[in-house]
Number of protein chains: 2
Amino acid sequence: MPRGARDRRAAILRLASTSGLTSVEELSNTFGVTASTIRRDLSQLESAGHLARTYGGAMALDAHHETSLRQRSGQAFEAKRSIATWAADQVRTGETILLDSGTTTGALARELATRRDLTVVTTGLTVLQELAQATNVRVECLGGTLRPLSQGFVGSLTEAALERMTFDRAFLGADGVTAEHGICEADLQQTRLKELMGQRAEHTYVLVHAAKLGHHPFHAHAPFGPGWTLVTDTAADSAATAPFHARGIDVVVVDPDGRVREEPH
Amino acid sequence: MPRGARDRRAAILRLASTSGLTSVEELSNTFGVTASTIRRDLSQLESAGHLARTYGGAMALDAHHETSLRQRSGQAFEAKRSIATWAADQVRTGETILLDSGTTTGALARELATRRDLTVVTTGLTVLQELAQATNVRVECLGGTLRPLSQGFVGSLTEAALERMTFDRAFLGADGVTAEHGICEADLQQTRLKELMGQRAEHTYVLVHAAKLGHHPFHAHAPFGPGWTLVTDTAADSAATAPFHARGIDVVVVDPDGRVREEPH
DNA sequence: ACACTGTTGCGCACTTCGCGCAATACCTAT
DNA sequence: ATAGGTATTGCGCGAAGTGCGCAACAGTGT
């Protein structure tokens with residue numbers, strides 16, 4: 001009954017999700033097939049990214065881990081980590097900072113997890129996940145409606161919460177950035193929120209790896225505020241950063257070792 | 001230099017966390033020790049719950065997965081799942097429901113992740129993690145300050161957001177529950193929040209597995225509101241549920257197959 | 001009816017794993 | 001400082017898990 005192949009794989013996923021951890025032998029007995037077959041199933045499910053194989057079995061992989069693992073193998077991961085390291089270095093003890101949603105700010109949150117005497121306010125689920133166990137960091141969430149794609153909170157609830165607070169520093173992400181139009185996002189709700197976030201901080205940084213410079217995949221924009229700093233990685237050549245310089249925007253280019261290549265103002 | 005044992009394990013954790021996935025051979029080469037030693041390290045780190053071993057290596061385990069796996073092997077896990085299944089069955093299409101923080105409500109969120117046309121509002125990070133990829137469920141977070149232990153949001157931000165909404169159903173967790181004092185939590189901030197949550201819903205359910213019945217580990221309480229329903233599992237004998245009946249509180253006892261043992265009103 | 005794709009079970013070689021053992025490094029208490 | 005106890009490490013071996021090729025078979029489309 002080879003029809004059962006798809007059904008069995010789905011069942012394996014369900015079992016793994018509910019029990020968290022399953023063994024090849026257990027699955028083999030449950031479905032009455034050989035261990036070889038189970039192994040093949042696990043191989044396939046692993047390739048699909050729904051499962052992680054362990055010694056003699058498999059473990060469930062939730063959405064966060066799924067994307068997280070995918071992110072880590074992405075080409076921009078190193079760039080994001082460099083940017084995050086630099087950004088973490090700007091944060092001083094005792095400050096209250098605002099972290100936008102996104103993977104880059106998630107990386108920054110990871111860097112900050114071991115700090116003490118720090119308040120991190122965020123609109124991003126990724127950030128919350130990274131700081132969930134950081135007992136020495138005060139973590140606040142602005143709330144709102146969860147956007148599935150960006151894993152961030154938006155909406156009137158978010159904006160209302162934001163209007164009650166100010167910050168020492170705000171770190172924003174972006175889907176794209178151009179010197180002319182500023183931050184680019186999928187919809188106006190997000191750009192308005194980012195604009196608001198940037199306005200309520202003493203120092204505002206826009207963290208984008210080089211590939212996003214000069215691109216605007218969507219048509220909602222939030223212009224750079226006065227004094228905002230653009231932070232990117234060494235994959236950005238001077239042709240990419242020049243338009244920002246021309247408009248008087250501070251640009252910081254960080255290399256993988258954390259050194260800064262140029263920092264005009 | 002066996003002093004390096006602890007350092008090496010910490011370094012392994014760091015490496016695994018940043019790269020997401022590492023191999024025994026790679027680690028062996030990096031630290032200049034035998035594969036056996038690495039395996040022992042991984043064994044220990046796995047027992048400590050910081051790591052998941054794969055075939056020929058290990059993978060990072062974030063905080064969510066850590067606690068999640070621990071929870072799933074906990075003795076009350078089956079009870080929680082039974083309660084969550086019953087609770088999910090109460091939720092009708094189109095409703096807006098409120099989920100408290102906690103592992104039981106997290107299990108409920110998991111049950112609801114595949115539903116459509118549903119709005120879930122929550123104060124719990126666990127719930128958010130379970131619903132992060134649930135594209136057919138509208139997810140809202142009330143925001144607030146993250147409490148590390150309960151992984152839930154509390155504070156004036158949470159309460160302010162709560163005051164702007166009402167719900168068809170609210171599902172609350174608890175550290176303990178007695179017929180006399182109601183829900184028991186570690187501090188007054190949490191009990192006040194739960195009280196508020198229960199007041200703003202049409203139907204309110206208190207989800208607690210049997211071991212928590214009759215216990216009040218702390219001294220902050222939130223009394224049962226009128227019409228609230230206590231939901232627990234079959235490990236609760238009639239001696240445990242009787243005090244609640246005596247006070248006119250509806251009690252639902254769910255067995256692992258989802259059947260209800262008693263439901264007086 | 002026929003070919004084709006996908007699935008399954010089996011055997012085999014390879015890799016990885018866990019455990020016991022002896023030697024060594026580290027820690028601590030006197 | 002020294003001595004005793006604990007923890008760590010490397011090595012060898014048997015056991016377990018894994019991947020791959022092969023042949024047989026089910027389900028599908030022409």
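Below, read A as the first sequence line, B as the second, and so on, with proteins coming before strands; counting in each chain starts at 1.
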Whole angstrom value for the distance that separates C1' of D:dA7 from CZ of B:Arg40: 11 Å

Interatomic distance where CG belongs to B:Leu42 and C1' belongs to C:dC19 [whole Å]: 16 Å

A:Arg14: side-chain contact (heavy atoms from CB on, under 4.5 Å) partners, not counting sequence neighbours: A:Ala11

For A:Ala10, all residues meeting side-chain contact (heavy atoms from CB on, under 4.5 Å), sequence neighbours excluded: none

Carboxylate-amine/guanidinium proximity below 4.0 Å for A:Arg92 and A:Asp168: no

Protein-nucleotide distance (B:Asp41, atom CG; C:dT16, atom P), rounded to Å: 17 Å

For atom CG of B:Leu27 and atom C1' of C:dT16, their distance in whole Å: 14 Å

Length of the CD-C1' vector between B:Gln44 and D:dT6, whole Å: 14 Å

Residues in side-chain contact (heavy atoms from CB on, under 4.5 Å) contact with A:Glu26, at least two apart in sequence or another chain: A:Thr22, A:Ser23, A:Thr30

Contacts of type side-chain contact (heavy atoms from CB on, under 4.5 Å), residue B:Ala107, not counting sequence neighbours: B:Ala84

Short side-chain N/O contact to C:dT8 OP1/OP2 from A:Thr34, under 4.0 Å: no

Nucleotide C:dG6, atom C1' - distance to CZ of A:Arg6 in whole Å: 10 Å

Base versus backbone protein contacts along nucleotides 13-19 of chain D [heavy-atom cut-off under 4.0 Å; B, S, -]: ---BBBS

Partners meeting side chain to side chain donor-acceptor pair (under 3.5 Å) with A:Asp175 (sequence neighbours left out): none

d(CZ, A:Arg8; P, D:dA26) in whole Å: 16 Å

Side-chain N,O (B:Arg9) to OP1/OP2 (D:dT8) below 4.0 Å: yes

